[in-house]
Amino acid sequence: MNCFLSISAGKTHIMDPKNKMIKKRKLETGIKVIKIGNKTISLEGYLTKKTKTESNEPLPNPVGASAQDSQTGQTTLSVNLNPKEQQNVAENSKTRAFPGDPAYLKTRQGLPLWTRQDEIRGILQQDDVLVLVGETGSGKSTQVPQFLYQEQWCQRKKVRIEKDGWTEEVNVGGMIAITQPRRVAATTLAHRVSREAGTPLNGERGVSSNRKNATSRGLVGYSVRFDHRVPPGTKIKYMTEGMLLQELLRDPHLRQYSAIIVDEIHERSVDVDLLSGFLKQIVTRDKAGRAGIPLKVVIMSATANVESIKQFFSGATPDEPFDSSTVKEDPTSSPVRLLQIEGRQFPVDVVHTLKPVPDIQETLLKTIFKIHTEEPLQDKHGRADILAFLTGQEEIEAAQRLIEEYAATLAANVPKIKVFPLFGQLSMEAQHEAFQPIKGGFTRKIVLATNIAETSVTVPGVRYVVDCGKAKVKQFRPRLGMESLLAKPISKSSAIQRAGRAGREGPGKCFRLYTEETYGTLEKTDLPEILRTDVLGAVLTMKARGIDDVMSFPLMDPPDVESVEKALLHLHLLGAIDDEGGITETGRKMVRFPVTAPYARVLLAAADPKFECLAEAIDIISIITAGEDIFLQIQTEETKEEVEIYRKELYRREGDLLTYLNTMQLYVSENADRVQWCKTRKINTRNMKQALNIRKQLRGLCVKQGLMEQPPPDPQPFSPISPERAATILQCFLKGFALKTAMLAPDSSYVTTHGKHVVAIHPASVLHGQKKEAIMFLEHVYTQKNYAKKVSAIQAAWITDALEN
DNA sequence: GAGCACTGC
């Protein structure tokens, strides 16, 4: 089939020979129908609010009465036990008391939270939801679960639940989950608490926790991707937010748990927002599935700005979707209690500039040297190093050069300076250097960091913070189907957080490179991620967990209707939802993969006999989802030439995807020294290892779902992919990315088939500077320009093929 | 010729 690009009157359309336009017709107001190619999709089923009341209103939950389960549609019978029975089950599963390690007791008793434990217990004995504000250092993440696990309501109870005419005996409760936004936080907190409690944390590594070689009982466990340690008898389980969201897929009522503690909610990840919605549903109306046994929810935030969160959990339900101004109190729900705990921060003096700063770099330099020459190198609290928050790598490297140049001119009696850059793309070793105490005694450490130092890592020894007032933020533009990455002013909350980094070890100072007036104009909080990213994944997550009417799912900050519509259309195009908006079998298979929807679609297509390239698709997707680009940038021209000799062997003329595949296949065929292999090619070892983990996980999932045979173990001899096979693989990827394509225009620019934007191939792509008939790109980001990333050369005809099924 | 930060049975 031939395609051609017609450009007329400033408009470009791809046409197929039958002259059918491959273009989404604009949604006409009033008519809830959308056309893609020759397909007409009714939006009626999922864009309009359901008239059925059960999905919107709280369920009455009388004892022993059957009720329609709003999430699963199953009819359940809640069985409430009489007091005697209740006592029996409690006796059966009585928790063994862990005395706690006395070595840690004194430290624990010194925490601001220690004296409030009875209050916390008292509140949760009465009510189900507690919002706890505790600043950094209050000890909330480690102490709250230890205060609660021996509570009566935290015992596991054996109950009978009637489902589809069957009486099922199930256990409800017994564990407390504490969610964390990051894996490291979950694992380190679990280790810390297990030490405090004096119980081992040596449950099994791996997915299953009930294999034969079960180890000794323990109180504390954790569960993050690729790493699960849940000893038998675990009562306190630290886990990532995504992990609990996964568990919700299997168990919509979270029956394993007596309580969920949501930590660091102020970071407002998409996962925590979704989780909050599900928790609200369970708390306010979904107790039938738990046989009436309540789920306690503790929401923990480091910032005081929790009024909206409190209101959200108080059972207030929006009258109309997306209109939070018309909330009304739900009289059936229990009240939400609020508790504020003071932190253990030292005071931080905040200094603003008197006038707006025209040149950030110059003012940064001046400020740093003013601190360096006027403030002591150390005091009784310890070192007094400087942490500066900048927007990105480029800015950091420029500042480093300036500071080092100027430092060389300093007099001999002034302390020396050592600058450490700190950003995500740095190698592990380079990041680690920024955390080490300085070696020379007469030297001050200056760390130049991105936002990474605001939440993800803590730099020790910092007493001075310099804050440029900006951060790079990724924002998705649903109308353009692309995202942008630009430096934007930070929020007040973020500015306070940055300043706080100066007061961890002693009284500190924060120098803001903006005026107090500018500070006043900053937004109170950052825009939550769900309002900044493509909600495709969020919508699929909801659909897979039984939410038919995604518009009225409770969210603290609902995305606008247009974003949700776009996501629904996109899901429909991927085959994840049907014309009525219901999740399809394909959609259900897709959510089982720990990758975004388009990649999941590619995996399913790859398993199709038509393509049969699942092993290859997994290799590519593993590398892409492992993190940033595996190819590290090369600093000097000299090393670049050297490295390029080795990299040449990896590059494929078909583009980045085949280059990734080639790299993975050569990497796993390498038998001698994989670390050295990466080093000579300047490949990010950490990401390659992560890619191998993901590859193993995806292969395992695919084998389990019968999509592929058990692949042979590594290392396998390398044999390059044939051009024909390469074409098949790329056509398979088009099943997930048909809309992310562009055609070469007569003026040598690339014009997207969807949206008609001019895109440039990103310099990091192996196809940069090349002209191909058509390209597919997996990412589309506006920074300096409209960039297409992860680019492959394709034939235009493949695009229509992919759209036609 | 360019790269905020996280995450997933």
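Within every chain, numbering begins at 1; the chains are lettered A, B, ... in the order of the sequence lines, protein sequences first and strands thereafter. All values below were derived from every heavy atom in this structure, side-chain atoms included, with hydrogens, water molecules and symmetry-related copies excluded.
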* **Aromatic ring pairing A/His432/A/Phe435, orientation class (parallel under 30°, perpendicular over 60°, tilted between)** => perpendicular

* Answer with yes or no after comparing the ring centroid distance for A/Phe733 and A/Phe777 against a 6.0 Å cut-off, counting only values under it. => no

Length of the [atom1]-[atom2] vector between [X] and [N], whole Å:
X	N	atom1	atom2	result
A/Arg268	B/dC6	CZ	C1'	15 Å
A/Glu483	B/dA5	CD	C1'	13 Å
A/Asn687	B/dT7	CG	P	12 Å
A/Lys474	B/dA2	NZ	C1'	14 Å
A/Leu275	B/dG8	CG	C1'	13 Å
A/Phe226	B/dC6	CZ	P	16 Å
A/Gln256	B/dC9	CD	C1'	12 Å

Selected nucleotide, minimal atom distance to [X] side chain, candidates [options]:
X	options	result
A/Gln246	B/dA5, B/dG1, B/dC9	B/dC9
A/Ser456	B/dC9, B/dA5, B/dC4	B/dA5
A/Lys704	B/dC9, B/dC4, B/dA5	B/dC9

* Taking DNA chain B as the partner, which of residues 758-769 of chain A come within under 4.0 angstrom of it by heavy atom? ->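 By residue number: A/His762, A/Pro763, A/His768.
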
* Please list, by residue number, the residues of residues 180-189 of chain A whose heavy atoms come closer than 4.0 Å to an atom of DNA chain B; answer none if no residue qualifies. => A/Pro181, A/Arg182, A/Arg183

Could you pull out all donor-acceptor pairs under 3.5 Å where a side-chain atom in residues 687-708 of chain A meets a protein atom, sequence neighbours excluded?
| unit_1 | atom_1 | unit_2 | atom_2 | d |
| --- | --- | --- | --- | --- |
| A/Asn687 | ND2 | A/Glu628 | O | 2.8 |
| A/Arg695 | NE | A/Asp619 | OD1 | 2.7 |
| A/Arg695 | NH1 | A/Asp714 | OD2 | 2.9 |
| A/Gln697 | OE1 | A/Arg225 | NE | 2.8 |
| A/Gln697 | OE1 | A/Arg225 | NH2 | 2.7 |

* Step-by-step salt bridge (charged side-chain N to carboxylate O under 4.0 Å, His left out) determination, A/Lys472 to A/Glu395 -> CA-CA 11 Å; A/Lys472 278 191 188 168; A/Glu395 210 183 335; over 6 Å; no

[X] near the nucleic acid: base, sugar-phosphate alone, or nothing, with a heavy-atom cut-off under 4.0 Å?
X	value
A/Val595	base
A/Glu247	nothing
A/Thr783	sugar-phosphate
A/Ile452	sugar-phosphate

* Asked: Got a sec, which residues hit ring pair (Phe, Tyr, Trp, His ring centres under 6.0 Å) with A/Phe476, two or more places apart in sequence or on another chain?
  ->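 Result, ring pair (Phe, Tyr, Trp, His ring centres under 6.0 Å) vs A/Phe476: none returned.
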
* **Basic-acidic side-chain contact under 4.0 Å: A/Asp557, A/Arg268** =>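 Here A/Asp557 pairs with A/Arg268 in a salt bridge, since their nearest N and O are under 4.0 Å apart.
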
* Asked: Salt-bridged, A/Lys140 to A/Glu264, with N to O below 4.0 Å?
  -> no

* To do: Answer yes or no: does a side-chain N or O of A/Ser269 lie under 4.0 Å from OP1 or OP2 of B/dT7?
  =>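 No, because none of the side-chain N or O atoms of A/Ser269 sits under 4.0 Å from OP1 or OP2 of B/dT7.
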
* Hey, does the side chain of A/Gln784 come within less than 4.0 Å of B/dG1's phosphate (OP1/OP2), counting only N and O? -> no

* **Set of salt bridge (charged side-chain N to carboxylate O under 4.0 Å, His left out) partners for A/Arg512, sequence neighbours left out** =>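 For A/Arg512, no residue satisfies salt bridge (charged side-chain N to carboxylate O under 4.0 Å, His left out) once neighbours in sequence are set aside.
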
* Asked: Taking N and O atoms by type only, does the side chain of A/Lys640 place a donor or acceptor under 3.5 Å from a partner on the base of B/dG1?
  ->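 Result: at least one qualifying N/O pair found.
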
* **Partner of A/Phe631 by side chain to side chain contact (heavy atoms under 4.5 Å, CB included), out of A/Val766, A/Ile683, A/Asn684** =>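 Testing A/Phe631 for a side chain to side chain contact (heavy atoms under 4.5 Å, CB included) against A/Val766, A/Ile683, A/Asn684 leaves exactly one candidate, A/Ile683.
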
* Can you list every side-chain hydrogen bond (donor to acceptor under 3.5 Å, both in side chains) pair that touches residues 780-792 of chain A, not counting sequence neighbours? ->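 Every side-chain hydrogen bond (donor to acceptor under 3.5 Å, both in side chains) pair that includes a residue of residues 780-792 of chain A, provided the two are not neighbours, is A/Glu779-A/Lys790.
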
